[in-house]
Asks: 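First, the structure itself, so that you have it in front of you.
To find a chain, count down the sequence lines: A is the first, B the second, and so on, and within it residues start at 1.
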2 protein chains.
Amino acid sequence: MVNPALIQEISQLEADFCFALSDPTRLLILYALADQPRNVTELTNDLNVIQPTISRHLKVLRERGLVYTVRQGTTVTYHLSDTRLIQALDLLRTVMRERLAYQASLMEETKASSNA
Amino acid sequence: MVNPALIQEISQLEADFCFALSDPTRLLILYALADQPRNVTELTNDLNVIQPTISRHLKVLRERGLVYTVRQGTTVTYHLSDTRLIQALDLLRTVMRERLAYQASLMEETKASSNA
DNA sequence: TGCATATATGCGTTTATGCGTATGAAAGCA
DNA sequence: TGCTTTCATACGCATAAACGCATATATGCA
């Protein structure tokens with residue numbers, strides 16, 4: 001038997017990790033970094049989001065270890081920590097896509113029966 | 001070239017999907033349902049969380065298609081929609097575990113050098 | 001119909017989140 | 001040192017989330 005308090009704590013950690021993925025800008029940052037490492041200014045330009053907002057989102061990702069930084073003079077380059085993150089996101093996206101397709105098909109059926 | 005607005009929208013959808021995973025109780029619900037389908041009362045007992053809270057979390061999961069329901073009389077049994085969700089969560093957990101281990105090792109080094 | 005069980009939801013409160021603006025801090029260089 | 005560039009953060013505001021409590025809704029049955 002596993003300690004319930006421990007299970008609670010692990011779930012909290014995992015939820016906290018997932019929280020980092022629950023914002024569209026943060027996802028776009030992760031995808032951009034998966035393509036190649038970028039500094040803050042580059043992310044600001046590439047995503048067309050103002051710099052303080054980018055920095056705040058980077059902080060969320062950094063605190064959870066999803067990205068790491070390399071300082072080069074005045075610039076800070078952000079790197080994706082683990083490409084399996086992208087694998088996991090791709091899997092989630094696949095599941096989501098099929099769910100949406102299924103729900104859309106249900107709507108089609110509804111439309112058909114209302115026409116009958 | 002891909003429409004930027006479309007990318008935005010897909011990221012928003014995916015973030016919304018991930019949001020469902022960003023709460024420890026919802027994760028525990030998903031793991032419980034991965035083990036076997038359960039009704040609301042069973043989830044309430046198994047997770048030791050009061051019923052309205054369970055119902056609200058189930059609504060979040062249901063709205064995003066992560067779970068689906070089967071009504072049997074007065075009870076409503078919840079099912080996990082796609083076991084690949086658990087695969088994705090396992091992958092995230094693996095990444096997270098390695099990150100935490102790495103960070104812990106950094107702390108050990110810090111301790112060692114301060115002792116030197 | 002009246003009642004019991006199971007589930008969902010409205011309400012009010014507390015807390016957390018995201019964002020824009022302004023500003024602070026770090027590094028390089030004249 | 002003073003200036004510039006780059007990045008991080010504090011503050012204030014608006015919005016959203018989570019929760020407990022109470023209550024509404026749905027189903028089955030006497």
Asks: For a 4.0 angstrom threshold against heavy atoms of chain A, report the outermost contacting nucleotides of DNA chain C in 5' to 3' order.
Replies: C:dT17 to C:dG28

Asks: B:L58 has an atom CG; how far is it from atom C1' of D:dC19, in whole Å?
Replies: 15 Å

Asks: Is the Lys NZ or Arg CZ of B:R26 less than 6.0 Å from the centre of B:Y31's six-membered ring, within 45° of the axis?
Replies: no

Asks: Which protein N or O atoms sit under 3.5 Å from an N or O of nucleotides 12-18 of chain D?
Replies:
residue: D:dA18; atom: OP1; partner: B:R26; partner atom: NH2; Å: 3.3

Asks: Heavy-atom nearest nucleotide on DNA chain C for A:R71 versus A:V49: which residue maps closer to 5'?
Replies: A:V49

Asks: Apply side chain to side chain contact (heavy atoms under 4.5 Å, CB included) to residues B:Q51 and B:I54 and explain how you reach the verdict.
Replies: CA-CA 5 Å; B:Q51 179 267 320; B:I54 292 286; 5.5 Å; no

Asks: A:T75 near the nucleic acid: base, sugar-phosphate alone, or nothing, with a heavy-atom cut-off under 4.0 Å?
Replies: sugar-phosphate

Asks: Got a sec: does the CD of B:E9 have more than 12 other heavy atoms crowding it under 6.0 Å?
Replies: no

Asks: How long is the line joining CG of A:L43 and P of D:dC7, in whole Å?
Replies: 9 Å

Asks: Determine whether the side chains of A:E42 and A:Y78 contain a donor N or O and an acceptor N or O closer than 3.5 Å.
Replies: no

Asks: Looking at side-chain heavy atoms only, is the closest gap between A:H79 and A:T69 below 4.5 Å?
Replies: no

Asks: Side-chain contact test, heavy atoms from C-beta onward, threshold under 4.5 Å: evaluate it for A:L21 versus A:L89 and give yes or no.
Replies: yes

Asks: Does D:dA8 have OP1 or OP2 sitting under 4.0 Å from an N or O in the side chain of A:Y78?
Replies: yes

Asks: Would you kindly say whether B:Q87 and B:T83 are connected by a side-chain donor-acceptor distance under 3.5 Å?
Replies: no

Asks: Taking only the side-chain nitrogens and oxygens of A:T74, find out if one of them lies under 4.0 Å from OP1 or OP2 of D:dT5.
Replies: no

Asks: Quick one: does A:L43's side chain get under 4.5 Å of A:L58's, heavy atoms only?
Replies: yes

Asks: Nearest whole Å is fine: how far is D:dC7 C1' from A:I54 CD1?
Replies: 12 Å

